[in-house]
Amino acid sequence: MTDKIIISPSILSADFANLEKDIKTVENAGADWIHIDVMDGHFVPNITIGVPVVKSIRKVTPLPLDVHLMIENPDKYIEPFAAAGADILTFHYEAVNNSQIIEIIKQIHSYGIKAGLSIKPKTNPDEIFKYLSEIDLLLIMTVEPGFGGQKFMNDCAEKIKIIKPNAPKNLIIQVDGGINDITGEICKNYGADSLVAGNYIYKSDNIEQAIKSLR
Ligand code: DX5
Ligand code: ZN
């Protein structure tokens, strides 16, 4: 969609005791968005960040907050996360009934923010084609959601090749999981518009260089 790749560092790999500092570091190093992984211990086995933390993050950065909801019943949390300052709210296809999807997308749009839909590694892209014209962002997981630092699964990234030619021009195709300079390049070649990276950016000795290497 964009001529410029959107880099969204995942703060899951940041130091939560120094979150403001770690957000400023990626902001000053050229990040485009801040990726915030919300996990509930039900949809995924891990528990991470909730509404109050997003609200606090909103106060310390002007960058768009790219909130990835890995939670059950996302419809119940759209309003609080929108009020907390999310700019993009992405929920999981697998977390809801198909009959709810359009309704949740509309709910997100009613707050004037971008709506994203995410698919887990085992989800067939054919299942979500019908929603592509309704959403702003499609997040293709290239690891099982739940934890940072896992190995990139290329067969998941290959879904981009199937989706891209049939997707609306404005759709942002984002990938998340195991992204580094090499796997990021693969995804860009497939047609990705946005890369999420946690470990690769935050564990790097030179964060500015790490972000540059993803462009
Ligand atoms: C995983 C999260 C990712 C995670 C990526 O469930 O959605 O955003 O932080 O971490 P890396 O880039 O380390 O695989
Ligand atoms: Zn994520």
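Just so we're clear, the structure is a prediction, and the values are computed from it rather than from any experiment. One-based numbering along the sequence shown. In listed order, ligands and their atoms are each counted from 1. Atom set for the values below is all heavy atoms of this structure, side chains included, hydrogens, waters and symmetry mates excluded.
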Using a threshold of 4.0 angstrom between heavy atoms of the protein and any atom of ligand 1, which residues qualify?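 Residue list for ligand 1: S10, L12, H35, D37, M39, H68, M70, M141, P145, G146, F147, G148, G149, D176, G177, G178, V196, A197, G198, N199.
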Does the side chain of [X] pick up a donor-acceptor pair with the side chain of [Y] at under 3.5 Å?
X	Y	answer
H42	N73	no
T25	D22	no
T48	D37	no
S213	Y200	yes

Could you list the residues that satisfy side chain to side chain contact (heavy atoms under 4.5 Å, CB included) with N154, not counting sequence neighbours?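 For N154 the side chain to side chain contact (heavy atoms under 4.5 Å, CB included) partners, ignoring immediate neighbours, are F152, A157, E158, I186, Y190.
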Around the Zn ion (ligand 2), list the protein N/O/S atoms within a radius below 2.8 Å, excluding water molecules.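 Protein N/O/S atoms under 2.8 Å of the Zn ion (ligand 2): H35 NE2, D37 OD1, H68 ND1, D176 OD2.
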Between K188 and D181, does the salt bridge (charged side-chain N to carboxylate O under 4.0 Å, His left out) criterion hold? Intermediate values first, please. CA-CA 10 Å; K188 283 187 289 178; D181 52 344; over 6 Å; no
Considering non-hydrogen atoms only, spot the tightest contact between V175 and A192 and give its length.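 Closest approach of V175 to A192: CG2-CB, 4.4 Å.
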Do you know which two heavy atoms are closest between S118 and T90, and how far apart they sit?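 Distance-wise, the nearest heavy atoms are CB-CG2, 3.7 Å.
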Partners passing salt bridge (Lys or Arg N to Asp or Glu O under 4.0 Å) against K106 (at least two apart in sequence or in another chain):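 With sequence neighbours excluded, K106 shows a salt bridge (Lys or Arg N to Asp or Glu O under 4.0 Å) to no residue whatsoever.
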